[in-house]
Peer 1: 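Here's a structure for you.
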Amino acid sequence: MRLNGTVAVVTGGASGIGRALCERFTREGARVAVVDLDGAAAGAVAAGLPGAAGYGVDVTDEKRIQELVGEVERTLGPIGVYCSNAGAALGAGLGSDADWDRSWRLHVQAHVYAARAVLPGMVDRGAGHFLVTASAAGLLTSLDSAVYTATKHASVGLAEWLSITYGGTGVGFSCLCPQGVRTPMTTGENGVGTDIGPLLEPEDVAGSVVAAIDDGHFLILPHPEVAGYEQRRATDRDRWLTGMRRARTRLLPPADLPR
């Protein structure tokens, strides 16, 4: 599908990849709903984008997601693109129960709530695009966080299920799996670790997303080398695990083992 003239919702839209998506979608001619837990930040981003609107929403609250979809469609029009992009890097090592709960709600339940809210309308119209932001960690692993790894794997699995189930309705689906991107999640005090390799700019990732929506591609890999890593993982899992153990030993000293 094409973005010009459509309405796009982007969660986690006040910073990082989400903000870059909002800005790029606007340049492509879309009217954007900037959604973020920080409503003031969402409003500030929207104020700089023609035709955009900002919304403060906790995406782990299903009622608020239902209300958001209704409000956006009344205000901006039928939603053509929904980017379920909000996420967080929580829980070093095995993490705490609170880390697992919050990450599961952000990386899985939020996508479920969005799908329940927006897909019926898209299916009825026979058009639209639904994007789940996962991570290369959802195809491979994150060396420093079991929480992030497991919940991002679940994100990928859910996105695949949605594509299989609804893919014949005229609605497109994509799963965004970047490796390292220069965002607050990777460069802040509580970043996701040292195993992420070279950092891309958020604008580069937004360009990959636009190309995938235009072409109808499911798996979006802004770091193309991730495809090779995934193939090696699938071909010889034991060898891949051995290599990852070596990488962990090199990057994370034994004193940092989860306990």
Side-chain angles (χ1 to χ4, degrees), residues 1-13 17-18 21 24-25 28-33 35 59 62 65-66 68-70 72-73 76-87 104-140 150-178 205-224 226-231 233-234:
M1 65 172 296
R2 295 293 182 263
L3 287 161
N4 187 34
T6 196
V7 173
V9 175
V10 181
T11 68
I17 293 172
L21 288 172
R24 180 60 186 269
F25 288 172
E28 295 289 328
R31 290 165 291 169
V32 178
V35 181
V59 296
E62 183 169 18
I65 291 295
Q66 293 282 350
L68 168 72
V69 168
V72 169
E73 296 205 326
L76 300 179
I79 295 170
V81 175
Y82 192 106
C83 294
S84 192
N85 171 76
W104 182 263
R105 290 167 64 201
L106 268 174
H107 299 158
V108 185
Q109 290 301 133
H111 305 319
V112 173
Y113 298 155
R116 288 173 179 167
V118 78
L119 286 182
M122 289 183 175
V123 169
D124 286 346
R125 293 187 292 272
H129 200 94
F130 189 92
L131 178 140
V132 170
T133 295
S135 167
L139 301 172
L140 306 168
T151 57
K152 287 298 188 178
H153 270 264
S155 299
V156 174
L158 175 62
E160 290 176 340
W161 186 90
L162 290 171
S163 180
I164 292 167
T165 303
Y166 294 95
T169 65
V171 180
F173 294 86
S174 292
C175 186
L176 173 60
C177 292
V205 178
S208 297
V209 170
V210 169
I213 292 174
D214 282 348
D215 295 338
H217 287 165
F218 174 78
L219 188 60
I220 307 174
L221 299 177
H223 298 78
V226 171
Y229 301 155
E230 186 188 20
Q231 288 171 0
R233 175 177 177 266

Peer 1: Decide side chain to side chain contact (heavy atoms under 4.5 Å, CB included) for L158 and V132; before the verdict, give the C-alpha distance in whole Å, the side-chain angles of both, and the deciding distance to 0.1 Å.
Peer 2: CA-CA 9 Å; L158 175 62; V132 170; 5.6 Å; no
Peer 1: Which pair of non-hydrogen atoms, one from F25 and one from C83, has the smallest distance, and what is that distance?
Peer 2: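 Reported closest heavy-atom pair: CE1-SG, 3.6 Å.
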Peer 1: The criterion is side chain to side chain donor-acceptor pair (under 3.5 Å); which residues satisfy it with T133, sequence neighbours excluded?
Peer 2: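 With neighbours one apart ignored, the set is N85.
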Peer 1: Run the side chain to side chain donor-acceptor pair (under 3.5 Å) test against E230 and tell me which residues pass, sequence neighbours left out.
Peer 2: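 E230 satisfies side chain to side chain donor-acceptor pair (under 3.5 Å) with no residue once adjacent residues are dropped.
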Peer 1: Could you tell me if S155 and H107 have a donor-acceptor pair between their side chains, going purely by distance under 3.5 Å?
Peer 2: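 The criterion, which ignores hydrogens and geometry beyond distance, is not satisfied for S155 and H107.
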Peer 1: Atom CD1 of I213 and atom CD of E28: how far apart are they, to the nearest 0.5 Å?
Peer 2: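 CD of E28 is found 9.5 Å from CD1 of I213.
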Peer 1: Would you name the heavy atoms of I65 and A117 that are closest together and state the gap between them?
Peer 2: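 Shortest heavy-atom separation between I65 and A117 comes out as CG2-CB, 3.9 Å.
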Peer 1: List the atom of M122, the atom of I79, and the distance in Å for their closest heavy-atom pair.
Peer 2: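 Nearest heavy atoms, M122 then I79: CE-O, 3.8 Å.
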Peer 1: Less than 4.5 Å apart, any side-chain heavy atom of V81 and any of L131?
Peer 2: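 The answer is no, as the side chains (C-beta and beyond) never meet within the 4.5 Å cut-off.
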Peer 1: My understanding is that only residues two or more places apart in sequence, or in another chain, count here; which of them pass side chain to side chain donor-acceptor pair (under 3.5 Å) with R105?
Peer 2: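 T60.
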Peer 1: With A150, which residues qualify under side chain to side chain contact (heavy atoms under 4.5 Å, CB included), at least two apart?
Peer 2: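 Expected list: W100.
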Peer 1: Tell me the closest heavy-atom pair linking P178 and P222, and the distance in Å.
Peer 2: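 Nearest pair, atom of P178 first, then P222: CA-CD, 3.9 Å.
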Peer 1: Restricting to pairs with a member in residues 109-119, which pass salt bridge (Lys or Arg N to Asp or Glu O under 4.0 Å), not counting sequence neighbours?
Peer 2: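 Qualifying pairs: E62-R116.
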Peer 1: So L119 and L162, do their side chains get closer than 4.5 Å, heavy atoms only?
Peer 2: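 Side-chain contact under 4.5 Å: yes.
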Peer 1: At their closest point, which heavy atom of G138 faces which heavy atom of H153, and how far apart are they?
Peer 2: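 The answer is O-ND1, 3.1 Å.
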Peer 1: Which side-chain hydrogen bond (donor to acceptor under 3.5 Å, both in side chains) pairs, counting each pair once, include a residue from residues 159-176, with sequence neighbours left out?
Peer 2: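 Applying side-chain hydrogen bond (donor to acceptor under 3.5 Å, both in side chains) to every pair that reaches into residues 159-176, excluding sequence neighbours, yields H129-S174.
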Peer 1: For the residue pair V205 and L176, establish whether any side-chain heavy-atom pair is separated by less than 4.5 Å.
Peer 2: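 A side-chain contact under 4.5 Å exists here.
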Peer 1: Considering only heavy atoms from C-beta outward, does the side chain of Y229 approach that of L139 to under 4.5 Å?
Peer 2: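 No; the side chains remain at least 4.5 Å from each other.
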Peer 1: Considering residues at least two apart in sequence or located in another chain, which fulfil the ring pair (Phe, Tyr, Trp, His ring centres under 6.0 Å) criterion with Y82?
Peer 2: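 Partners of Y82 by the ring pair (Phe, Tyr, Trp, His ring centres under 6.0 Å) criterion, ordered by chain and then number, come out as F130.
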Peer 1: For residues L76 and V7, report the shortest heavy-atom separation together with the two atoms involved.
Peer 2: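 The pair with the smallest heavy-atom distance is O-CG2, 3.4 Å.
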Peer 1: With sequence neighbours excluded, what pairs up with R31 under the salt bridge (charged side-chain N to carboxylate O under 4.0 Å, His left out) test?
Peer 2: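 In terms of salt bridge (charged side-chain N to carboxylate O under 4.0 Å, His left out), with neighbours along the sequence ignored, R31 is linked to no residue.
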Peer 1: Quick one: salt bridge (Lys or Arg N to Asp or Glu O under 4.0 Å) pairs with a partner in residues 117-135, sequence neighbours left out?
Peer 2: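 Matches after skipping sequence neighbours: E73-R125.
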Peer 1: What's the separation between atom CD in Q109 and atom NE2 in H111, rounded to the nearest 0.5 Å?
Peer 2: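 So the gap between those two atoms works out to 10.0 Å.
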Peer 1: Output all residues satisfying side chain to side chain donor-acceptor pair (under 3.5 Å) with T11, sequence neighbours left out; order by chain, then residue number.
Peer 2: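 Listed in chain order: nothing, the list is empty.
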Peer 1: Are V226 and C177 packed together at the side-chain level, in the sense that at least one heavy-atom pair is separated by less than 4.5 angstrom?
Peer 2: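 Result no, sub-4.5 Å side-chain heavy-atom pair not found.
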